[in-house]
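Input: a single structure, listed below in structure tokens.
Just so we're clear, the structure is a prediction, and the values are computed from it rather than from any experiment. In the text below, chain A, chain B and the rest are named by the order of the sequence lines, each starting its count at 1.
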Protein chains: 2
Amino acid sequence: MDKQTEQKKVFLEIVQQLRQLIRMEKIQAGEKLPSERVLSERLGVGRSSVREALRSLELLGLIETRHGGGTFLASTHKHQLVEVLSMFILEDEKSKKDVELTRQIHEKEAIRVISCTEILRTLPVWDSFFVKLEIEGTVNCRDVLREIIITSGNRLSLKIWFQLAAYDGDRLNRNSTEDEKLILQTMLKSMQLGYEKEALRAYEQWMGTGQTF
Amino acid sequence: MDKQTEQKKVFLEIVQQLRQLIRMEKIQAGEKLPSERVLSERLGVGRSSVREALRSLELLGLIETRHGGGTFLASTHKHQLVEVLSMFILEDEKSKKDVELTRQIHEKEAIRVISCTEILRTLPVWDSFFVKLEIEGTVNCRDVLREIIITSGNRLSLKIWFQLAAYDGDRLNRNSTEDEKLILQTMLKSMQLGYEKEALRAYEQWMGTGQTF
DNA sequence: TATCAAAAGTGGTCTGACCACTTTTTAGCA
DNA sequence: TGCTAAAAAGTGGTCAGACCACTTTTGATA
């Protein structure tokens, strides 16, 4: 039947078997995987084949390996994926702009989804951000965006966003300035009230003013 | 200085060296890379290490390997990345919906960008699609969307889209039906004229009617 | 009990070997 | 000469074993 698809790529089968093993053993994020030698024995393949599969998963950021320590299911989201991709595909200065724009695509869509969904836009978390801005005068930019992406409910979009946000580094992980306070409050309040266009306008303003280019 | 970052991951250095080699040799997409044995000799590392790096790049879809044939720089975009990611992260039926929604996020943004940019929205390619619909009555859905994404100019977004489109498989790679003709013409014409909202509305209609769920 | 050295465990890498498959070369035939 | 088929070379796929560097565990000693 689909032999043509299934036949090849034994190395990909190992990846799949690894996943199955992880589910069976109920290995949680951050926990240790069996050693390469044990895996090679249990899966009935050579250690080098196991390593090829593990290296691939490592490059994707799905596992972490510690020399002499073992292999662990990734807990933190420090994916090298974007870095590697950009190393190969995006080379010039435009790359960074592309990463930023792509990240913002997902953020804008999340804001749209939340604004249009009553259950999502009336969550208490938005009010907590709003109040925090009122009292403390600042919030962590990355935290706000992450919450927005998470709430939107698209887990693949979330995955992509994490990778792009990791690429942008600390430029995103900062406290909002005094100038951004009003903009952020406008964005949050508009989102809560379901004013999609107003929320997006505030977002655009935020992204335009908050960073220097 | 940054020894801590640079010190480890010899395996990642190989990935970088591979890229350098590709640039030096000016290897184009679809062309052949040196054999594993040659690479191992030229890079001064063991063949197994070279293979670990190559397998990772293969999983990312950056290279293709043919048993007995050789290793080639990827030409077609048949990336297994999303598949592998979803295999690990997205497990239920919602996954497919997430992939589709995420793909549409990038398509909608591309339509926005094109509609708002005179140089892009007045390209002759849109008229060619319009005319083709008029005369032949149908166009390839994937071709239209790909052209839209490419034109938008965000190469990272393009890369992601290709992966997502590959995941959706042949459901996207089909000719438009009679019912879609008017919708597509509306979308294209609105985009050409810079009517962003009208173009998006047509797009939403297209995506809503064109597929069965 | 506390300390620290030895042992065991683990990932990192290299080498060599063999297999399966593809491409190239060569030898033989028409 | 020209074509075909067999042989050879090239290449990826996989495995086994060895050694190193590093971490964790163990156990003996003070």
For a quick test of reading the model: is some side-chain N or O of [X] closer than 4.0 Å to OP1 or OP2 of [N]?
{"X": "Arg51(B)", "N": "dG13(D)", "value": "yes"}
{"X": "Arg55(A)", "N": "dG12(C)", "value": "yes"}
{"X": "Thr65(A)", "N": "dT10(C)", "value": "no"}
{"X": "Ser48(A)", "N": "dG13(D)", "value": "no"}
{"X": "Ser40(B)", "N": "dC14(C)", "value": "no"}
{"X": "Thr71(A)", "N": "dT10(C)", "value": "no"}

Could you state the atom-to-atom distance from [atom1] of [X] to [atom2] of [N] in whole Å?
{"X": "Glu36(A)", "N": "dC15(D)", "atom1": "CD", "atom2": "C1'", "value": "15 Å"}
{"X": "His67(A)", "N": "dT23(D)", "atom1": "NE2", "atom2": "C1'", "value": "9 Å"}
{"X": "Glu64(A)", "N": "dT10(C)", "atom1": "CD", "atom2": "C1'", "value": "16 Å"}
{"X": "Glu41(B)", "N": "dT15(C)", "atom1": "CD", "atom2": "C1'", "value": "14 Å"}
{"X": "Phe72(A)", "N": "dG11(C)", "atom1": "CZ", "atom2": "C1'", "value": "11 Å"}

5' priority, DNA chain C, between Glu52(B) and Lys32(B) [closest heavy atom]: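 Its nucleotide being nearer the 5' end, the pick is Glu52(B).
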Any side-chain donor near an acceptor of the partner, Thr138(A) and Ser176(A), under 3.5 Å: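 Yes, because at least one side-chain N or O of Thr138(A) sits under 3.5 Å from a partner of the opposite role on Ser176(A).
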Is there a donor on the side chain of [X] or the base of [N] sitting less than 3.5 Å from an acceptor on the other?
{"X": "Arg66(B)", "N": "dG13(D)", "result": "no"}
{"X": "Arg47(A)", "N": "dG12(C)", "result": "yes"}
{"X": "Arg37(B)", "N": "dG12(D)", "result": "yes"}

Is the backbone N or O of [Y] less than 3.5 Å from a side-chain atom of [X], with the two atoms forming a donor-acceptor pair by type?
{"X": "Glu147(A)", "Y": "Val144(A)", "answer": "no"}
{"X": "Trp161(B)", "Y": "Ile150(B)", "answer": "no"}
{"X": "Lys32(A)", "Y": "Gly69(A)", "answer": "yes"}

Touch class at under 4.0 angstrom, heavy-atom based, for Gly68(B) against every strand present: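 The answer is base, as Gly68(B) lies within the cut-off (heavy atoms under 4.0 Å) of a base atom.
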Val50(A) vs Leu54(B), nearer the 5' end of DNA chain D by closest nucleotide: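 With Val50(A) and Leu54(B) compared, the 5'-side residue is Leu54(B).
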Nearest-0.5 Å distance that lies between atom CG in Leu21(A) and atom CD1 in Ile27(A):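 Leu21(A) atom CG to Ile27(A) atom CD1 measures 5.5 Å (nearest 0.5 Å).
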